[in-house]
Trainee: 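One structure, pasted below without further comment.
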Amino acid sequence: MRARDPQKRSRDFKEVALGLTKAQAVKEAKRCLQCKKPRCVEGCPVEIEIPRFIAAIKDNDFSGGLAVIREYNMLPAICGRVCPQENQCQGGCILGKKSKPIAIGALERFVADYETATEQSESPVCIDGNGHKVAIVGSGPAGLTAAADLARLGYDITIFEALHEPGGVLTYGIPEFRLPKKIIHREIERIKNLGVKILLNWVIGRTQTVDELFQEGFKAIFIGVGAGSPKYMNIPGENLNNVYFASEFLTRVNLMKANQFPAYDTPVKKSKRVAVIGGGNVAMDSARTAMRLGAEKVYIVYRRTEDEMPCRLEEVEHAKEEAIELLLLVNPKEIIGDERGYVKAIRCDKMVLCETDESGRRKPNCSGEEFTIEVDQVIMAIGQTSNPVLVKSVKGLDLWGAGYITTDCDGRTNIPGIFAGGDISTGAATIISAMGAGKRAARAIDAYIKETASLTSQF
Ligand code: FAD
Ligand code: SF4
């Protein structure tokens, strides 16, 4: 896919990847073999009929292709940009065995963008309501998907969202240069057109409890509150000035627009030499954001090698093109401050890879060698964990690990009527897996309400 010039793009927040042209999209669609047993579909957590949407593109029927995707996925312009297709649909594509797999994600993005470019819009959809209310807590990909699927089945849906903008990580975490906000707004508008209501600044567990929602007549509740709390390394110096956790750093810039301070109220410290700790998408997003805020030097500090990095291949490639330096097999052991309590350096261990650990990756061990890097800002991006506000407020809810909600594979919790899915039940994962969980839970909620309502002959 075409992308903007690295030197120019690394100093602004405009979108990096430019998408396929019409001719490129049709040419790519023509390569598809229209397999009888499409392995691409097996790799898609929301089971889009991929060969059918590609066939429509081949025939120049771009709205037809988009309509096929929307039967399964209400966020195509988002997924086409940020889903890890290389491990999912594209990873399964038969053509990948001998040459390049079909660029399924790029085609998905193309049909969604084509609709926007040709200014096709959709008015509110009229759906016969069944009179049953369902509450969705959290407006990330899991909540939005559950909401859309239930609304299409006739349920009266209200989403409760803690922040002042909907979208979850899509809005507050993923930067504008990867996923422009106008794309998110457009896809959420389409979900609202199904009749879904979104109440913002509404923290379930504080503003209102789950019990109160049941008392208000909601027949079922889906919890999709994500895993937004930061993980700590617990090394000396983590509390120094100018050490940020990635979620805070990215939220300041993406949601609160700190890059436009003082036009917007929230500031963010702009630094010259930045070290980002971690090797996932969050680390890449933080590093590339720091560069765009004007840093002279940005390091990614990662304790394994590039092969083990959990981020998307495209992200690390783009980061390297933007002059971000990877410090591999390096683990920070202390953040050093100056006399005023501000970061001035990090002391690191040089690592070696040893035997494979429980994650299936080779385990990094200290080599005994250490060194120091001079930096004036550190961004910790070593992962996120569950936020206790809601889960602790629901008495008797079964949890696992660090406070994640235990569910069966359709999102049922141990409490009848309460369902959950996405990062809050799996731990930090991906957009499409959260959407898949929202979809399965919507089916289970429909079955649950029909079953309980039939007992009182309300359906
Ligand atoms: P979230 O997206 O976290 O949404 C949860 C929502 O619930 C939030 O809006 C939150 O404010 C709200 N909430 C929380 N508590 C309450 C409460 N008590 N009451 C009301 N509302 C509440 N995945 C990919 O596939 N590709 C990527 O490129 C990618 N990049 C990423 C980059 C970053 C910086 C981050 C942090 C994650 C990235 N991920 C990526 C992971 C992906 O975004 C998540 O797996 C996904 O968003 C999880 O969706 P979710 O709906 O479970 O939760
Ligand atoms: Fe087309 Fe590849 Fe899917 Fe086969 S596996 S239908 S070639 S996208």
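All residue numbers refer to positions in the sequence shown, counting from 1. What you see is a predicted model; the values in this text were computed from it and never measured. One-based numbering, in listed order, for ligands and for the atoms of each.
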Trainee: Could you label the plane-to-plane angle of the F13 and F177 rings as parallel, tilted or perpendicular, counting under 30° as parallel and over 60° as perpendicular?
Mentor: tilted

Trainee: In this structure, are over 12 heavy atoms from other groups packed under 6.0 Å from N239 atom CG?
Mentor: no

Trainee: Which atom names give the shortest non-hydrogen contact between L293 and K270, and what distance separates them?
Mentor: O-CD, 3.6 Å

Trainee: Would you say D398 has more than 12 foreign heavy atoms packed within less than 6.0 Å of its CG?
Mentor: yes

Trainee: Would you check whether P141 reaches within less than 4.0 Å of ligand 1, judged by its heavy atoms?
Mentor: yes

Trainee: N/O of A162 under 3.5 Å from N/O of ligand 1, yes or no?
Mentor: yes

Trainee: Counting non-hydrogen protein atoms only, what is the nearest one to atom 53 (O) of ligand 1? Give residue, atom name and distance.
Mentor: G226 CA, 3.3 Å

Trainee: With nothing but distance in play, are any N or O atoms of A227 less than 3.5 Å from an N or O of ligand 1?
Mentor: no

Trainee: Do me a favour and list the nearest non-hydrogen protein atom to atom 34 (C) of ligand 1 with residue, atom name and distance?
Mentor: L250 CD1, 3.5 Å

Trainee: Tell me, which protein N/O/S atoms are under 2.8 Å away from atom 3 (Fe) of ligand 2?
Mentor: C40 SG

Trainee: If I compare all heavy atoms of W400 with all of S425, which pair ends up nearest, and what's the gap?
Mentor: NE1-O, 3.0 Å

Trainee: May I ask you to identify the nearest protein heavy atom to atom 52 (O) of ligand 1, giving residue, atom name and distance to one decimal place in Å?
Mentor: D423 N, 2.9 Å

Trainee: Can a side-chain donor-acceptor contact be found between T251 and E248 if the only test is distance below 3.5 angstrom?
Mentor: no

Trainee: Are a donor atom and an acceptor atom from the side chains of Y172 and E165 found within less than 3.5 Å of each other?
Mentor: no

Trainee: List the closest protein heavy-atom neighbour of atom 26 (N) of ligand 1: residue, atom name, distance to the nearest 0.1 Å.
Mentor: V82 O, 2.6 Å

Trainee: Can you tell which of T289, N281, D285 makes a side chain to side chain donor-acceptor pair (under 3.5 Å) with R178?
Mentor: D285

Trainee: K320 and side chain to side chain contact (heavy atoms under 4.5 Å, CB included): which single residue from E306, E315, E325 fits?
Mentor: E306

Trainee: I need the nearest protein heavy-atom contact for atom 18 (N) of ligand 1: residue, atom name and distance, please.
Mentor: I204 O, 2.9 Å

Trainee: Measure the acute angle between the ring planes of H132 and Y155, then classify it against the limits of 30° and 60° as parallel, tilted or perpendicular.
Mentor: tilted

Trainee: What protein heavy atom sits nearest atom 2 (O) of ligand 1, and how far away is it?
Mentor: V169 N, 3.0 Å

Trainee: Testing the basics here: between E321 and R9, what is the closest heavy-atom pair and its distance to 0.1 Å?
Mentor: OE1-NH2, 2.7 Å

Trainee: Which option wins on minimum heavy-atom distance to atom 28 (O) of ligand 1: R178, Q384, R206, R312?
Mentor: R178

Trainee: Only heavy atoms of G168, strictly under 4.0 Å: list the atoms of ligand 1 that pass.
Mentor: 2 (O), 4 (O), 8 (C), 9 (O)

Trainee: Quick test: of every protein heavy atom, which one is nearest to atom 39 (N) of ligand 1, and how far off is it to 0.1 Å?
Mentor: A429 O, 4.3 Å

Trainee: Students should be able to answer this: which protein heavy-atom is nearest to atom 11 (O) of ligand 1, and at what distance?
Mentor: E161 OE2, 2.7 Å

Trainee: Does K58 NZ have over 12 foreign heavy atoms under 6.0 Å away?
Mentor: no

